[in-house]
Amino acid sequence: MIKPEAMAAGHAGKILDMITSKEFRVVAFKYTRLSALEAGAFYAVHKERPFYGELVDYMASGPVLAAILEKDNAVADFRTLIGATDPAEAAEGTLRKRFAESKAKNAVHGSDSDENAAIEGAYFFSGREQF
Ligand code: ADP
Ligand code: MG
């Protein structure tokens, strides 16, 4: 998912270019906006964290681009491409190093396991939207 501040800053095209040039195949794609309720559900695993309220408000603050991406070793390779949560710790050449504003507003979301990728993909896309 390309997060709201990166969409507002006009980074979507460059981010997609970097993703597709790493051989991720787009299975599904959608421009959409999460309500606060939906953002809260999407990040429910962080409910007890001190930044949860800020995270929910931020993720509901504007439209996002959601995608399902396919590749061998997709979860690990995508997390390598996006870089560390905090852009100050993200490696050169990563999406967050280049586009993130802060640890909170960090441009891109990536699933952290195959299991969560399936859950998160199903959250945004019906079967007939996946190709
Ligand atoms: P990641 O997105 O790298 O998997 P986490 O799952 O730990 O990171 O956190 C989810 C999201 O919550 C982060 O991408 C970021 O937007 C936000 N976040 C994480 N840690 C903080 C923090 N300390 N302060 C504010 N926001 C945070
Ligand atoms: Mg995470």
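Whatever order the structure lists them in is the order used to number ligands and atoms, beginning at 1.
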Is ligand 1 under 4.0 Å from a heavy atom in the side chain of [X], in the backbone, in both, or in neither?
{"X": "Glu5", "value": "neither"}
{"X": "Lys3", "value": "side chain"}
{"X": "Met1", "value": "neither"}
{"X": "His109", "value": "neither"}

query = Rounded to the nearest 0.5 Å, how far apart are OH of Tyr52 and NZ of Lys47?
reply = 6.0 Å
ask   = If you round to the nearest 0.5 Å, how far is NZ of Lys3 from CG of Asn106?
value = 3.5 Å
query = Restricting to pairs with a member in residues 122-131, which pass side-chain hydrogen bond (donor to acceptor under 3.5 Å, both in side chains), not counting sequence neighbours?
reply = Lys30-Glu129, Ser126-Glu129
message = So is Met59 touching ligand 1 or not, going by heavy atoms under 4.0 Å?
response = no
Among protein heavy atoms, which lies nearest [atom], and at what distance?
{"atom": "atom 24 (N) of ligand 1", "answer": "Phe51 CB, 3.7 Å"}
{"atom": "atom 15 (C) of ligand 1", "answer": "Lys103 O, 3.3 Å"}
{"atom": "atom 16 (O) of ligand 1", "answer": "Ala104 O, 2.7 Å"}
{"atom": "atom 8 (O) of ligand 1", "answer": "Thr85 OG1, 3.3 Å"}
{"atom": "atom 11 (C) of ligand 1", "answer": "Leu55 CD1, 3.9 Å"}

request  = State, to 0.1 Å, how close Val64 and Pro4 come at their nearest heavy-atom pair, and which atoms those are.
outcome  = CG1-CD, 3.6 Å
Residue pair Ser35 / Ala60: nearest heavy atoms and the distance that separates them = C-CB, 3.8 Å
ask   = Could you go step by step and tell me if Met59 and His109 meet the side-chain contact (heavy atoms from CB on, under 4.5 Å) rule?
value = CA-CA 10 Å; Met59 291 303 298; His109 167 82; 5.6 Å; no
task = Each residue besides Phe29 in its hydrophobic cluster should be listed here, by chain and number; the cluster joins Ile, Leu, Val, Met, Phe, Trp and Tyr at side-chain heavy-atom distances under 4.5 Å.
result = Ile2, Met7, Ile15, Leu16, Met18, Ile19, Phe24, Val26, Tyr31, Leu65, Leu69, Phe78, Leu81, Ile82, Leu95, Phe99, Val108
request  = Only heavy atoms count here, so choose which of Arg79, Lys105, His46, Arg96 is nearest to atom 2 (O) of ligand 1.
outcome  = Arg96
note = So the atoms of ligand 1 within less than 4.0 Å of a heavy atom of Asn106 turn out to be 13 (C), 14 (O), 15 (C), 16 (O)
message = Can you confirm if the aromatic rings of Phe51 and Tyr58 lie within a centre distance of less than 6.0 Å?
response = no
